[in-house]
There are 2 protein chains.
Amino acid sequence: MSAEERRESVVRAAMVEFARGGYRGTSTEAIARRVGVSQPYLFRLFPNKQAIFEAACEYCIEETWRVFDRASEGLTGEAAQDAMSRAYVDLIEDREQVMMQMQMYVSVFAAESTGDVQVGETARAAWLRLFERIEERIGGSRKEATQFMAYGMLINTLVGLGYPKDHRIWAEFEGYGKQAGGC
Amino acid sequence: MSAEERRESVVRAAMVEFARGGYRGTSTEAIARRVGVSQPYLFRLFPNKQAIFEAACEYCIEETWRVFDRASEGLTGEAAQDAMSRAYVDLIEDREQVMMQMQMYVSVFAAESTGDVQVGETARAAWLRLFERIEERIGGSRKEATQFMAYGMLINTLVGLGYPKDHRIWAEFEGYGKQAGGC
DNA sequence: TGCCAAAGTTATTGGCCAATCACTAATCTC
DNA sequence: GAGATTAGTGATTGGCCAATAACTTTGGCA
């Protein structure tokens, strides 16, 4: 397998592991095991652990956009928003995707505390890009986009906390744990 | 100082440290240093590190409610909601408070992966209690309460990512980085 | 076929950290 | 002021982990 292909498989594996354990709670050993290579080899593909984490963050945000994009292709306004809402409800079945997002959010502060501002800048840029793409797809309404993201972040929280699908806290989110949607 | 008083000062210090480093990224040594006691003494006050973390989670959620409660005392409906919105905008000046919440959200998944379901149950119960108190204060509207929480979680995310106050991403949140409020 | 570059491994190290143990200092109570 | 309870410390240990260095395997192509 080429280095480039390996790098991508590392990023995917890293996403799963980091989603679970966070930056500090995930060993490079665990990532390597999941990929099926030796632990030191990761350091041939990436300069250090931090770089793997950053790649996983970017990948995760891009992946989220791909899901929204595919779901709302050719749509605009409310129709696009509905389509993306439904897509997100599907996406969160994959708890790892959501948790990696959350890990990204908490890691910026930690990184800043150790003097590393790079992580924060990368993360802010990635998130802003996602926001603006959604805003555009919805039809340029900042207010709508903000609300869309707000509900998304609440969903992330509820997923993180692990409320079961049929818990009453999900009541306002039609379509999750039920048949069909349109949030 | 009595053991009970010490325990509380440990929890407060733990909140600050965990907010920054997360569960795995925070050493008991760091917490002890902040409190001003020796590291082994923490294990006289708490059975283990996990217990300190859980106490910090509960404290953090309670603290959040106290802020809302104080701000909206005697109010109901929209007035209460406005008051709480404004109070939250003040609260997030203290980035640690917000980050501890986020750490709590991401730690449940990690704990579950190691077979510990206790953390999750504690966290879900604490969060649900906060939600229901807010819901009641607002006047019993689940929809309004959900929206309130949703915007709260978005704010948490933006704080986590560290967008400066005057960044355009905050545009929808009147009162943050500006003079007055009413979100 | 033989070579070389890219892919990949084993062994190791130095640092960190939760938790335990054995011990000391202060405070209270009669 | 003795005796006991409570607050608190120093030293240690066993396990984990990021990163490095030195070495081996594999595949393509002249």
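- Atom CE in B:Met1 sits about 14 Å away from atom C1' in D:dT6, given to the nearest Å.
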Pair B:Thr26-B:Phe53, side-chain contact (heavy atoms from CB on, under 4.5 Å): steps then yes or no: CA-CA 10 Å; B:Thr26 299; B:Phe53 186 76; over 6 Å; no
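- In summary, B:Asp69 and B:Arg137 engage in a salt bridge, as defined by a charged side-chain N under 4.0 Å from a carboxylate O.
- Partner of B:Gln97 under the side chain to side chain contact (heavy atoms under 4.5 Å, CB included) criterion, chosen from B:Gln101, B:Met99, B:Met100: B:Gln101.
- For B:Arg6, a side-chain nitrogen or oxygen approaches OP1 or OP2 of D:dG8 to under 4.0 Å.
- Within residues 11-31 of chain A, no residue approaches DNA chain C, by heavy-atom distance under 4.0 Å.
- Other residues, nucleotides and ligands contribute more than 12 heavy atoms inside 6.0 Å of the CD atom of B:Glu132.
- One finds no salt bridge joining B:Glu17 and B:Arg20 here, because no Lys/Arg side-chain nitrogen approaches an Asp/Glu carboxylate oxygen to under 4.0 Å.
- No salt bridge links B:Glu136 with B:Arg133; every basic N to acidic carboxylate O contact stays at or beyond 4.0 Å.
- Using a cut-off of 4.0 Å between Lys/Arg side-chain N and Asp/Glu carboxylate O, A:Arg124 and A:Glu112 are scored as salt-bridged.
- Non-hydrogen atoms lying under 4.0 Å from DNA chain C are contributed by A:Tyr41, A:Arg44, all within residues 41-52 of chain A.
- Counting to the nearest Å, the C1' atom of C:dG8 and the CD atom of A:Gln39 are 13 Å from each other.
- By the 4.0 Å N-to-carboxylate-O rule, A:Arg142 lies too far from B:Glu172 to be salt-bridged with it.
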